[in-house]
> 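My structure is below; once you've seen it, I'll send some questions.
Read the numbers this way: they start at 1 and go in the same order the structure lists the ligands and their atoms. All figures in this text were calculated on a predicted structure; none of them were measured in a lab.
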Amino acid sequence: MDIEFVRSRFIKHFDGKTGNVYASPGRINLIGEHTDYNGGFVFPGAVDKGVMAEMRANGTEDTVMAYAIDLKDRVDFKLSDPNGPKASWARYIFGIALEMKKLGVPVKGFNIAFAGDVPLGAGMSSSAAMESCFACGLNDIFGENKVSQWDMVLAGQATEHNYCGVNCGIMDQFASVFGKAGCLMRLDCRSREFEYFPFKPDGYRLVLLDSVVKHQLAGSPYNDRRNSCENVVKHIQTKHPESKFETLRDCTWEQLDEVRAEVGEEDYKRAKFVLGEKDRVLAVCDALNEGDYEKVGEMMYKTHEGLSKDYEVSCEELDFLNEIAKENGVTGSRIMGGGFGGCTINLVRNDLYSKFIADAKKRFNEKYGHEPKVYDVVIGDGSRRIC
Ligand code: GLA
């Protein structure tokens, strides 16, 4: 993204003065889907696409003047307004400002203009990119950078929960804040311990195919999935009052089978996916350590099947892209992110890449009247001040 572009709009839309510029990325996730809010493992990395914002204190007590450059939309609001702004993009600014205040940052009025190149609705978490970018800026401008990276991650998540209606886990905000060029990260979402994994798969590349089917997580099927998982945990807890069960991470296959009849088939299937995914992430870690990318790919296909049949967050277009990958001999392919549209992530051998992309474009276009978008994955750095 271009600093001069963001700066020129910031100057034009406000009082001609410059501010500080911050950037935060979107993310990919190799494997470990819908495991974050179940206390499991995830395997994300930041990408080279994200959000860039120029910000400056404007001398008012609590008036925020915000400009979304890509939408050409200007919204002014007060941090003291109990309802906050209506525009969905402005709610991320309002939410993160209040969450940073809760963390002790004396946020006052500020001007902000921002732009992004994370494709919206592609499952690459443009929303986490916004949250962590704005958090990074507010921490720097008003908070002497005293808020820790983890607290910024949690402030981003709380923004989703409290102002945007999505009860998400911590994967996206974590990846956006902690990302490191060339590295994926294995995060244990229960203990919050994580490790950087340099990711240079010799002879393979990662590519996203965006179905351009938009997903809407707010108020929605995403929260229903989470409720199903929590319901299963409650039932297992009741059966085993002596043990401490907090999330599906703590549950075994036997315990899940014990409550199958009482939780019903739908919730059972949701939990079944999560238990399987927990095992698959660990298998992928071992496979990566051994450089066994064929095994990684095999796990990705299994994840897709689980997300499609048991978690039911796929859609016809994504299943079709997955099928095309399989038929082209692609090593691994699966829906990525929350689901209900967006991309597949594909681990593909270099020698198959061009043929696969050409075939996917052709067949998808024949069936749906437009080509999928293609994004080669470049693993980039996390949130930072640019200037
Ligand atoms: C969305 C959420 C994340 C995570 C993924 C699914 O991206 O924001 O917390 O649950 O879906 O893995």
Side-chain angles (χ1 to χ4, degrees), residues 24-47 50 88 92 95-96 118-132 150 153-179 184-190 192 194 208 210 214-230 247-249 270-271 273-278 280-281 284 299-300 303-304 306-308 310-315 318 334-345:
S24 288
R27 61 107 189 88
I28 52 131
N29 185 27
L30 184 64
I31 199 150
E33 223 60 271
H34 292 275
T35 46
D36 57 355
Y37 54 84
N38 285 301
F41 295 92
V42 291
F43 224 113
V47 289
S88 57
Y92 292 101
I96 201 75
V118 196
L120 294 178
M124 293 165 78
S125 209
S126 49
S127 56
M130 281 194 275
E131 288 144 14
S132 49
W150 264 114
V153 169
L154 297 174
Q157 184 194 30
T159 299
E160 297 277 353
H161 290 194
N162 300 334
Y163 306 93
C164 307
V166 182
N167 290 329
C168 64
I170 53 171
M171 170 170 74
D172 304 353
Q173 293 77 11
F174 162 80
S176 185
V177 169
F178 283 96
L184 295 179
M185 298 167 282
R186 185 186 59 186
L187 169 69
D188 178 337
C189 298
R190 182 167 65 184
R192 296 196 195 136
F194 68 96
L208 306 182
D210 185 355
K214 291 258 184 300
H215 61 177
Q216 179 55 270
L217 297 187
S220 71
Y222 180 92
N223 294 351
D224 296 343
R225 299 300 181 281
R226 185 169 183 159
N227 291 339
S228 290
C229 295
E230 289 170 358
T247 60
L248 283 178
R249 164 79 174 270
R270 308 299 190 238
F273 165 76
V274 172
L275 291 200
E277 188 71 350
K278 186 167 81 175
R280 282 188 289 273
V281 182
V284 162
M299 293 298 128
M300 291 169 76
T303 293
H304 184 88
L307 286 170
S308 179
D310 291 331
Y311 223 63
E312 295 180 281
V313 295
S314 187
C315 57
L318 289 166
R334 65 174 197 82
I335 176 171
M336 187 185 76
F340 315 105
C343 302
T344 56
I345 178 166

> Taking 4.0 angstrom as the limit and counting only heavy atoms of Asp36, give me the atoms of ligand 1 inside it, by number and element.
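The atoms of ligand 1 under 4.0 Å from a heavy atom of Asp36 are 3 (C), 4 (C), 9 (O), 10 (O).
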> Please work out which of the three classes, parallel, tilted or perpendicular, describes the rings of Phe273 and Tyr311, given edges at 30° and 60°.
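Correct class here is tilted.
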> Is there a nitrogen or oxygen of Thr35 sitting under 3.5 Å from a nitrogen or oxygen of ligand 1?
no
> Hey, does Tyr37 come in under 3.5 Å of ligand 1, counting only N/O atoms on both sides?
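N/O-N/O distance under 3.5 Å: no.
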> Do the ring planes of Phe194 and Phe174 sit parallel (below 30°), tilted (30 to 60°) or perpendicular (above 60°)?
perpendicular
> Return the minimal non-hydrogen interatomic distance between Thr159 and Tyr92, and the atom names on each side.
CG2-O, 3.9 Å
> Could you list which atoms of ligand 1 come closer than 4.0 Å to a heavy atom of Tyr222?
1 (C), 2 (C), 3 (C), 4 (C), 9 (O), 10 (O), 11 (O)
> Would you mind running through ligand 1 and noting each atom that sits below 4.0 Å from a heavy atom of Arg27?
7 (O)
> Under 4.0 Å from a heavy atom of Gly169: which atoms of ligand 1 are those, numbered in the order shown and with their elements?
9 (O)
> Number the atoms of ligand 1 from 1 as they appear, then name those within less than 4.0 Å of a heavy atom of Cys168, with their elements.
2 (C), 8 (O), 9 (O)
> Check Ala128 against Gln173 and note the closest heavy-atom contact, atom names and distance.
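Closest approach of Ala128 to Gln173: CB-N, 3.8 Å.
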> Compare all side-chain heavy atoms of Thr35 with those of Cys189 and state whether any distance is below 4.5 angstrom.
no
> Taking all non-hydrogen atoms of both residues into account, name the closest pair between Leu120 and Ser126 and its distance.
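Looking at all heavy atoms of both residues, the shortest contact is CD2-OG, 3.4 Å.
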